[in-house]
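Structure, as C-alpha cells:
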Amino acid sequence: MTDLQIIVEPGRQDIVMTRTFDAPRDVVYKALTDPQLIPNWWGPRELTTDVDCMDVQPGGRWRFVQHDAAGNEYAFRGVYHDAVAPERAVSTFEWEGLPGHVALDTLTLEEIDGKTKYTTVTVFQSVADRDGMVQSDMERGARDSTERLTEVIAGLLSRA
C-alpha cells in the first residue's frame, strides 16, 4: 500500500488524490459506496459521521452529517451523476455551511495485480474555491479518512 498523494497545482481548479490499496477493486468500491460502512471511515477520526441518505446511482443523492465532541454538526451533500461498479462514481460535493460552492468529484478505481489504484479528481468552480478547500485542513481529513478506509477494507477482506 502506498501513502495518499495529493496534487494541488497552482492556478488550477482541481485537486487530485491517489492511493493504492492492497485489495481487489470490488472490495474497495464496496467500502466506498456501502452506506453502512461510510461512518467507519468518512472524515477525521475525532468526528462521527451519520449517513442521512446515500443512493449510488445516476440521479441518486447523498448526505452525510458529522458531529464533533462539542455537539457541532457539519453536513455535506451531493448528487450522483454516474456510477459504474466497481470502476467509477461521479458526484457533486457541497458543504452545507457554504452553500452554492459545489465541486464535482470523479472517483476511478483501477485494479493492478490484485491491488486497486484509487484516484479522485475534484474540480471546483474557481481556483479560489479550490484554495479555500485546501486551507480548510482538508489534507489532514483526507489522510485520516484513507487510513480509516484501509482499516475498513482490511475488515472486509478478513471476512471473505
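Every value quoted in this text rests on a predicted model; they were computed, and no experiment measured them.
When all heavy atoms of Ala142 and Met17 are compared, the closest pair comes out as CB-SD, 3.7 Å. Pairing each heavy atom of Leu149 with each of Ala31, the nearest pair is CD1-CB, 3.6 Å. Scanning all heavy atoms of the two residues, the minimum distance from Pro39 to Val51 falls at CD-CG2, 4.0 Å.
In the hydrophobic clustering of this structure, Tyr29 groups with Met54; members are Ile, Leu, Val, Met, Phe, Trp, Tyr whose side-chain heavy atoms approach within less than 4.5 Å, directly or through other members. Taken together through direct or relayed side-chain contacts under 4.5 Å among Ile, Leu, Val, Met, Phe, Trp and Tyr, Leu4 and Ile7 form parts of separate hydrophobic clusters. When hydrophobic clusters are built by joining Ile, Leu, Val, Met, Phe, Trp and Tyr residues whose side-chain heavy atoms come closer than 4.5 Å, directly or via intermediates, Val27 is grouped together with Val56. Both Trp42 and Leu156 are assigned to one and the same hydrophobic cluster, defined by single-linkage of ILVMFWY side chains at heavy-atom distances under 4.5 Å.
The pair Asp55-Arg61 does not count as a salt bridge, with every side-chain nitrogen at least 4.0 angstrom from each carboxylate oxygen. The residues Glu110 and Arg25 are annotated as not salt-bridged, no charged nitrogen and carboxylate oxygen being separated by less than 4.0 angstrom. For the pair Asp3 and Arg19, the salt-bridge criterion is not met [side-chain N within less than 4.0 Å of a carboxylate O]. For Arg63 and Glu73, the salt-bridge test fails: no basic side-chain N is under 4.0 Å from an acidic carboxylate O.
Asp105 and Thr120 form no side-chain donor-acceptor contact under 3.5 Å, judged by distance and modelled atom types alone.
With sequence neighbours excluded, the residues that form a side-chain contact (heavy atoms from CB on, under 4.5 Å) with Arg130 are Val8, Arg12, Ile15, Phe124, Val127, Val134. Here Leu104 pairs with His81, Val90, Thr92 under the side-chain contact (heavy atoms from CB on, under 4.5 Å) rule; sequence neighbours left out.
Distance alone, capped at 3.5 Å, places no donor-acceptor pair between the Trp41 side chain and the Ile153 backbone.
Ring to ring, Tyr74 and Trp95 are not that close: their centroids are 6.0 angstrom or more apart.
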- Task: Would you sort out whether Asn72 and His67 count as a side-chain hydrogen bond (donor to acceptor under 3.5 Å, both in side chains), showing the intermediate values?
- Result: CA-CA 6 Å; Asn72 297 306; His67 308 273; over 6 Å; no
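With a 6.0 Å radius and a threshold of 12 heavy atoms from other residues, nucleotides or ligands, Arg143 has its CZ atom above the threshold.
We find the CD1-CD distance between Ile6 and Glu139 to be 4.0 Å, quoted to the nearest 0.5 Å.
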